[in-house]
2 protein chains.
Amino acid sequence: MINIIKDDGEMADHLRQEIRTRLIEKDYHCAKEYTLSILSGKWKVVILWHLGVEGPHRFSDLQKLFPKISHKMLTSQLRELTEDGIVHREVYPDVPPKVEYSMTTVGMSILPIVEMMYTWGSKRIEQLKQETQ
Amino acid sequence: MINIIKDDGEMADHLRQEIRTRLIEKDYHCAKEYTLSILSGKWKVVILWHLGVEGPHRFSDLQKLFPKISHKMLTSQLRELTEDGIVHREVYPDVPPKVEYSMTTVGMSILPIVEMMYTWGSKRIEQLKQETQ
DNA sequence: CAGTATCCTTATGGATACTG
DNA sequence: CAGTATCCATAAGGATACTG
């Protein structure tokens, strides 16, 4: 189901929300923009990589993986990925709370793009190194 | 050659510049981030699509293609793509000035990723339509 | 543990005017 | 035509304190 809830909170990713709105209103130029709006975000592709390749992670696991990410950023990136149906959020009725994030089927289907980004980026960085030698 | 010129101008894409700096200092977690930093930008993938599929375009051609883009945005997106070696900027000694933008070889090599983004996005949008029926 | 809420600084991006 | 430069409104994102 298209999640029409528009987050008017302070942390709204404005561009992403705009494209979500345009999607619902069938007013978008191009499907590429939708994909980009899902992947754009300082930490999203690395989060997806870890969830896709290594399996489910808890909130605190991800914090340990990315020591430089702020609490607020990690929260918002995960919420947006969940809203877009890429990531599943499982809350266990434990005390203290336990929340696990994992890839959905839709999420796994976007992983090849992330992998291509990795391959292309690696090659390009190698190329740049050669040229500066 | 890695372009080390750091644009301290007002329109600097901060995240992109940060990753460029980290790249030069060999301080990056992952090559995926570099690729994403190149493609991230409200209009970049659509610009790349048109240049890659339809061939070279003049500045004013692109303005006609995207009536909603501001002059300043188009300028900055093209400058960033040029800095990253994705797009070539050819200035003709004409009066009035003529400037033509085209894909570099490196740019063409990133096009498959843009195409995958298009394919994935189209399928996902179709899927979402089905689910809301 | 896994979040929200608030405050505040920095970055983004539109509108407009000017230039070779 | 193809840009720069400046001003200004809005959005993103860090730090900190609080909560179930």
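In what follows, every chain begins at residue 1, and chains take the letters A, B, ... in the order their sequences are listed.
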Tell me: [atom1] of [X] to [atom2] of [N], nearest whole Å?
X	N	atom1	atom2	answer
A:Arg79	C:dA2	CZ	P	16 Å
B:Phe59	D:dC1	CZ	C1'	9 Å
B:Gln63	D:dC1	CD	C1'	9 Å
B:Leu74	C:dA15	CG	C1'	16 Å
A:Lys44	D:dA12	NZ	C1'	13 Å
A:Glu100	C:dA2	CD	C1'	13 Å
A:Gln17	D:dT10	CD	P	18 Å

Interatomic spacing from CD in A:Gln63 to CD1 in A:Ile69 - rounded to 0.5 Å: 8.5 Å
From B:Ser76 OG over to B:His71 NE2, what is the distance, rounded to the nearest 0.5 angstrom? 10.5 Å
Could you encode protein contacts along nucleotides 14-20 of chain D as a string, one character per nucleotide from 5' to 3', using B for base contact, S for sugar-phosphate-only contact and - for no contact, with a heavy-atom cut-off of under 4.0 Å? BB----B
Within the 4.5 Å heavy-atom criterion, are B:His57 and B:Glu100 side-chain neighbours or not? no
Is any side-chain heavy atom of A:Ile47 closer than 4.5 Å to one of A:Gln77? yes
Any carboxylate oxygen within less than 4.0 angstrom of a Lys/Arg side-chain nitrogen, looking at [X] and [Y]?
X	Y	result
A:Arg16	A:Glu83	yes
A:Lys123	A:Glu126	no
B:Glu115	A:Lys32	no
A:Glu80	A:Lys44	yes

Using a cut-off of strictly less than 4.0 Å, decide whether [X] has a side-chain nitrogen or oxygen near OP1 or OP2 of [N].
X	N	value
B:Ser60	D:dA2	yes
B:Arg89	D:dA2	no
B:Arg58	D:dA2	yes

Which is true for A:Tyr101 with a 4.0 Å heavy-atom rule: it touches a base, it touches only sugar-phosphate, or it touches nothing? sugar-phosphate
Regarding A:Arg16, tell me which of base, sugar-phosphate or nothing describes its non-hydrogen contacts under 4.0 Å with the strands shown. nothing
Ring geometry between A:Tyr101 and A:Phe59 (parallel below 30°, tilted from 30 to 60°, perpendicular above 60°): tilted
How does DNA chain D look in dot-bracket form if you count Watson-Crick and G-U pairs under 3.5 Å, write [ ] for pairs that cross, and put | where a base pairs with another strand? ||||||||||||||||||||
